[in-house]
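This report refers to the structure that appears directly beneath it.
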Amino acid sequence: MAATRNAHAVWEGNLFEGKGVVTLDSSGLGSYPVSWPARTDELANGRTSPEELIAAAHSSCYNMAFSNVLDKAGTPPTKLTTSAAVTFVPGKGITGIHLTVEGEVPGSDSAKFAEAAEDAKQNCPVSQALTGTTITLSAKLI
């Protein structure tokens with residue numbers, strides 16, 4: 001069954017001094033302030049950015065895809081912890097995404113885990129939506 005999820009953003013002012021709010025409409029989970037400094041400064045100061053939202057989407061989607069790959073292989077995970085680091089360079093855009101996953105997977109070994117992790121990276125819907133961006137992966141079986 002197809003599903004459509006919605007969010008919207010409101011922006012006031014110019015790029016560098018303006019500010020905005022992004023709202024997660026489908027889930028109703030809330031509204032979050034966004035700003036240019038949140039994209040380029042090390043400290044986000046209570047504001048999010050498109051890159052952080054992409055990182056959240058990618059890490060959660062990847063966990064779902066990886067869980068499914070492992071389950072189909074007969075080794076369902078006990079726990080997967082994935083972080084996504086999205087790099088943004090002003091004037092160039094998003095230059096890369098690095099996924100780091102650690103997993104507790106009874107019955108797996110490091111080689112099978114690494115192979116399944118790469119499969120999930122290739123087939124995760126968010127990874128596929130971000131084709132054209134270099135996506136790297138570090139995977140560790142715990």
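- Across all their heavy atoms, S108 and T75 have their closest contact at N-CG2, 4.2 Å.
- Atom CZ of R5 sits about 12.0 Å away from atom CG of L24, to the nearest 0.5 Å.
- Side-chain contact between V21 and V34 is absent, with no heavy atoms from C-beta onward closer than 4.5 Å.
- To the nearest 0.5 Å, atoms CZ (F88) and CD1 (I97) are separated by 13.0 Å.
- Across all their heavy atoms, T48 and Y32 have their closest contact at CG2-CB, 3.9 Å.
- The two residues R47 and A38 have their closest heavy-atom pair at O-CB, 3.6 Å.
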Could you give the side-chain donor-acceptor pairs of residues 118-134 under 3.5 Å, partners two or more places apart or in another chain?
unit_1	atom_1	unit_2	atom_2	d
E118	OE2	K121	NZ	3.2
E118	OE2	Q122	NE2	2.9
D119	OD1	N123	ND2	2.6
K121	NZ	I135	O	3.0
N123	ND2	D119	O	3.0
S127	OG	H58	NE2	2.8
S127	OG	K121	O	2.9
Q128	NE2	Q122	O	3.4
T131	OG1	Q128	O	2.3
T133	OG1	L130	O	3.4

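- Here the CH2-CH2 distance, from W36 to W11, works out to 9.0 Å after rounding to the nearest 0.5 Å.
- Looking at Y62 and L80, their side chains never come closer than 4.5 Å, going by heavy atoms from C-beta outward.
- In this structure, S35 and G18 approach most closely via the heavy-atom pair CB-O, 4.4 Å.
- The OG atom of S67 sits 14.0 Å away from atom NZ of K79, with the distance rounded to the nearest 0.5 Å.
- When all heavy atoms of S49 and R39 are compared, the closest pair comes out as CB-CG, 3.7 Å.
- For the atom pair OG1 (T23) and NE2 (H8), the distance works out to 4.0 Å, reported to the nearest 0.5 Å.
- Looking at T100 and T82, their side chains never come closer than 4.5 Å, going by heavy atoms from C-beta outward.
- In this structure, the side chains of L137 and V101 come closer than 4.5 Å at one or more pairs of heavy atoms.
- Residues P33 and K19 fail the side-chain proximity criterion, which asks for heavy atoms closer than 4.5 Å.
- Contact record, L99 with A84: CD2-CB, 3.7 Å, taken as the closest heavy-atom pair.
- Side-chain contact between P76 and L70 is absent, with no heavy-atom pair separated by less than 4.5 Å.
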Next item on the list: Report the C-alpha separation of V86 and I94 in whole Å, then their side-chain angles, then the decisive distance to 0.1 Å, and conclude whether the side-chain contact (heavy atoms from CB on, under 4.5 Å) test is met.
Entry: CA-CA 7 Å; V86 177; I94 294 173; 3.8 Å; yes

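- At least one side-chain heavy atom of N14 sits less than 4.5 Å from a side-chain heavy atom of E17.
- To the nearest 0.5 Å, the span separating CD on E51 from OG1 on T40 amounts to 9.5 Å.
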